[in-house]
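On a predicted model such as this, the values are computed, not experimentally measured, just so you know. Residue numbering restarts at 1 for every chain, and letters A, B, ... go by the order of the sequence lines.
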2 protein chains.
Amino acid sequence: MSDQGSLRSTLHQRGMRMTPQRQLVLDAVRELGHATPEQVCRRVQGTASTVNITTIYRALDLLEELGLVRHTHLGHGAPTYSAEEHEHVHLACHRCGTIDEVSTDLLDDLCRDLLARFGFALDATHLALSGTCRNCRNADAAEERR
Amino acid sequence: MSDQGSLRSTLHQRGMRMTPQRQLVLDAVRELGHATPEQVCRRVQGTASTVNITTIYRALDLLEELGLVRHTHLGHGAPTYSAEEHEHVHLACHRCGTIDEVSTDLLDDLCRDLLARFGFALDATHLALSGTCRNCRNADAAEERR
DNA sequence: CTAAGTGCAAAAGGTTTGCGTCGTT
DNA sequence: AACGACGCAAACCTTTTGCACTTAG
């Protein structure tokens, strides 16, 4: 469904092409896991040094529109992009900033529930949940006792 | 727990004060529900026209640190701030951009699970879930049939 | 008097836009 | 020739920082 060939033809239908730059951006996102546009850019430039950051942004937008990559806002800074097939849930601690990744199985029930009650199809492939991690909760508890 | 008095004393312990500007920012966030720093600024300036956007950012940071407000990234643009007591889950459709709000009850099971399995205390008060809403799913299905 | 808080201007990200050029079809 | 894609530079928007001034304790 999202192999090289059908990707090419999807683009072709729209009068677009799979250029080397776009391929490099897609590869970079897949290899890096999560990466900011900046990081993707550096990676791509490792292979093709003249590729401009503007092209990175345009390619990321296109690839996202095609459903091949997705971006998420972890923390405060720039968003991070990752490949659609790279599935997991982020547990982001808003106290220490740590980000854990856990399986999307966790959300199966919630998914079912949302669909049944609201007709909403949750995209569980790339979700960020914020809260407090075990360490910070312990630290908080210790502080409380003082 | 978070009434005026204890807020004042919490700040006082840290050698800080509840200034008119900070109060206005907090009020604005509470009144606006979800608002970008920009929107908060305009609201505050309705009452005190000289307040600078820098002060808005600093106040929002402080209030967030105190746990009185929280920010979320809905969609692409600027983050939106809202008061901690304003509890709900956002269902954000990444196709049409609509944002629904539903009760946090939905997450009770997930909360329990996360805590038990990972020691992670989910902050369910202000969560954004992305996916596809009923309308867009129907539209997609119709398109598929063509 | 001291330190916190503010406003202002400038800097620093991060992202988008306009435009001239190049390569495909 | 026509159009999509690219690179470059500049514009833009949002957020942060440095600094001098004010003000509450």
Describe the nucleic acid contact of [X] in one word from base, sugar-phosphate, nothing, applying a heavy-atom distance below 4.0 Å.
{"X": "B/P79", "answer": "sugar-phosphate"}
{"X": "B/Q21", "answer": "sugar-phosphate"}
{"X": "B/T36", "answer": "nothing"}

Which listed nucleotide ([options]) is nearest to the side chain of [X]?
{"X": "B/T54", "options": "D/dC8, D/dG4, C/dC8", "value": "C/dC8"}
{"X": "A/R17", "options": "D/dG25, D/dG4, C/dT6", "value": "D/dG4"}
{"X": "B/D61", "options": "C/dT6, D/dT16, C/dG7", "value": "D/dT16"}
{"X": "A/Y57", "options": "C/dG5, C/dT24, C/dG14", "value": "C/dG14"}

Measure the distance from [atom1] on [X] to [atom2] on [N] and round it to the nearest whole Å.
{"X": "A/H71", "N": "C/dT15", "atom1": "NE2", "atom2": "P", "value": "9 Å"}
{"X": "B/Q39", "N": "D/dC13", "atom1": "CD", "atom2": "P", "value": "15 Å"}
{"X": "A/E64", "N": "C/dT15", "atom1": "CD", "atom2": "P", "value": "12 Å"}
{"X": "A/Q23", "N": "D/dA5", "atom1": "CD", "atom2": "P", "value": "14 Å"}
{"X": "B/I56", "N": "D/dT16", "atom1": "CD1", "atom2": "P", "value": "13 Å"}
{"X": "B/M16", "N": "D/dG25", "atom1": "CE", "atom2": "C1'", "value": "16 Å"}
{"X": "B/R58", "N": "D/dT16", "atom1": "CZ", "atom2": "P", "value": "11 Å"}
{"X": "A/Q45", "N": "D/dC8", "atom1": "CD", "atom2": "C1'", "value": "13 Å"}

For [N] and [X] - does any side-chain N or O of the residue sit under 4.0 Å from the phosphate oxygens OP1/OP2?
{"X": "A/R22", "N": "D/dA5", "value": "yes"}
{"X": "B/T55", "N": "C/dT6", "value": "no"}
{"X": "A/N52", "N": "D/dC8", "value": "yes"}

Discussion item. If you assign each of B/T19 and A/A78 to its closest nucleotide in DNA chain C, which residue comes earlier from the 5' end?
Written reply: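 Looking at DNA chain C, the more 5' nearest nucleotide goes with B/T19.
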
Discussion item. Donor-acceptor pair, distance only, cut-off 3.5 Å: does the side chain of A/R43 make one with the backbone of A/L32?
Written reply: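 Here the side-chain-to-backbone pair does not exist.
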
Worksheet item: Is any NZ, NE, NH1 or NH2 atom of the basic residue among B/R58 and B/D61 found under 4.0 Å from an Asp or Glu carboxylate oxygen of the other?
Response: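 Salt bridge between B/R58 and B/D61, a charged N being under 4.0 Å from a carboxylate O: no.
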
Practice prompt. Taking the side chain as every heavy atom from C-beta outward, state whether A/I99 and A/L91 have any pair of such atoms under 4.5 Å apart.
Written response: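 No, every pair of side-chain atoms sits at 4.5 Å or beyond.
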
Worksheet item: How many angstroms lie between OG1 in B/T10 and CZ in B/R14, if you round to the nearest 0.5 Å?
Response: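 One finds 8.0 Å between OG1 of B/T10 and CZ of B/R14.
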
Discussion item. Centre-to-centre under 6.0 Å for B/H34 and B/H88, is that the case here?
Written reply: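 Ring-ring flag for B/H34/B/H88: true, centres closer than 6.0 Å.
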
Discussion item. Let me spell it out: for each of B/I53 and A/V51, pick the nucleotide of DNA chain D with the closest heavy atom. Which residue's pick is nearer the 5' end?
Written reply: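 The residue closer to the strand's 5' end, by nearest nucleotide, is A/V51.
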
